[in-house]
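Computed over heavy atoms, backbone and side chain alike; hydrogens, waters and symmetry mates excluded. A note on names: the letters A, B, ... follow the listed sequences, proteins ahead of strands, and every chain is numbered from 1.
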Protein chains: 2
Amino acid sequence: MKNSLKVQRAKQNITQAELAARVGVSRQTINSIEIGKYVPSTLLALKIASVFGTSLDDIFKLEESDWH
Amino acid sequence: MKNSLKVQRAKQNITQAELAARVGVSRQTINSIEIGKYVPSTLLALKIASVFGTSLDDIFKLEESDWH
DNA sequence: TCAAAAAGACAAGTTTATTTTACATTTCAT
DNA sequence: ATGAAATGTAAAATAAACTTGTCTTTTTGA
């Protein structure tokens, strides 16, 4: 599973802390997701997509290995 | 958070068991998601969307209350 | 240029929610 | 009416999300 959080943030000039505040989680949670430490819950992922004004599918993408 | 799993299944004439098998979880997991007992992980949600050939956003939708 | 502020990374622990296992009920064709 | 297929429920186990705390790196503005 890969995500384009960092790119999206860059596009919109939003810091990790700011994004975290807007979706109601800790700053470190956003950071951990960004570096691929874990995948956010569907709820959080949808909120993030909503903040960016895009779709979840646009930010989070399955990889071949996710099916193994 | 609401989802249209049941409708999607009906459209494609797929049973809970069949969908479960295709995404690699138990039948009850699909059932529980369908009746809104809980929201699947992003990974599973993406797999389900993939099986239905649609987007996650099309199946799972945030509700106003999810932001509280 | 340098100190303070902001952002990024990491580890450990807690909590929460997902998922499974096992059992019960319903639906439906015959 | 009956057996098989499909669906529903609940408790318990497990896994993963998320937080807190700390440290490092980068940015910035005076």
**Item:** Any side-chain heavy-atom pair of A/T42 and B/M1 under 4.5 Å
**Value:** yes
**Fill in**
To the nearest angstrom, the CG-P distance between B/L19 and D/dG8 comes to 13 Å
**Message:** I want to check something: taking the side chain as every heavy atom from C-beta on, are A/L44 and A/I33 in contact at a cut-off of under 4.5 Å?
**Reply:** yes
**Prompt:** Which nucleotides of nucleotides 20-29 of chain D have their base under 4.0 Å from a protein heavy atom (B), which only their sugar-phosphate (S), and which neither (-), written as one string 5' to 3'?
**Reply:** BBB-------
**Item:** d(CD, A/Q16; C1', D/dC18) in whole Å
**Value:** 15 Å
**Request:** State, yes or no, whether a side-chain contact exists between A/L62 and B/L43 at a heavy-atom distance under 4.5 Å.
**Result:** yes
**Per B/I35 side chain, nearest of listed nucleotides D/dT19, C/dT19, D/dT9** = D/dT9
**Request:** Side-chain contact test, heavy atoms from C-beta onward, threshold under 4.5 Å: evaluate it for A/K47 versus A/V25 and give yes or no.
**Result:** no
**Prompt:** What is the distance from CD1 of A/I33 to P of C/dG8, rounded to the nearest Å?
**Reply:** 14 Å
**Request:** Go through D/dC18, D/dG8, C/dT18 for me and flag the one nearest to the B/N31 side chain.
**Result:** D/dG8
Output a table of nitrogen or oxygen pairs between the protein and nucleotides 27-29 of chain C separated by less than 3.5 Å.
none

**Request:** Would you state whether a donor and an acceptor, one from the side chain of A/K37 and one from the base of D/dA17, lie under 3.5 Å apart?
**Result:** no
**Message:** What is the distance, to the nearest angstrom, from the CD1 atom on B/I48 to the C1' atom on C/dT19?
**Reply:** 12 Å
**Item:** Candidate nucleotides D/dT7, D/dC18, C/dT18, ranked by approach to the side chain of B/R9 - the nearest
**Value:** D/dT7
**Request:** Give a yes or no on whether B/I35 and B/I48 share a hydrophobic cluster (residues Ile, Leu, Val, Met, Phe, Trp, Tyr; joining criterion: side-chain heavy atoms under 4.5 Å apart).
**Result:** no
**Prompt:** So, is B/T15 close to the D/dA5 phosphate, meaning a side-chain N or O under 4.0 Å from OP1 or OP2?
**Reply:** no
**A/L46 vs A/F60 side-chain heavy atoms within contact, under 4.5 Å** = no
**Separation of atom CD1 in A/I14 from atom C1' in C/dA6, rounded to whole Å** = 16 Å
**Between P of C/dA6 and CD1 of A/I30, the distance in whole Å** = 18 Å
**Message:** Closest approach to the side chain of A/Y38, judged atom by atom: which nucleotide of D/dA17, D/dT7, C/dG8 is it?
**Reply:** D/dA17
**Asked** According to a strict under-4.0 Å criterion, is A/S41 in side-chain N/O contact with OP1 or OP2 of D/dA16?
**Response** no
**Asked** Less than 4.5 Å apart, any side-chain heavy atom of A/E63 and any of A/D66?
**Response** yes
**Message:** In whole Å, I'd like the distance from the CD atom of B/E18 to the C1' atom of D/dT7.
**Reply:** 15 Å
**Any side-chain heavy-atom pair of A/Q8 and A/D58 under 4.5 Å** = yes
**Prompt:** Which residue pairs pass the salt bridge (Lys or Arg N to Asp or Glu O under 4.0 Å) test with at least one member in residues 28-37 of chain B, sequence neighbours excluded?
**Reply:** B/R9-B/E34
**Request:** Would you indicate whether the side-chain heavy atoms of A/V23 and A/T29 approach each other to under 4.5 Å?
**Result:** no
**Request:** Establish, with yes or no, whether the OP1 or OP2 oxygen of D/dG8 is under 4.0 angstrom from a side-chain nitrogen or oxygen of B/K6.
**Result:** yes
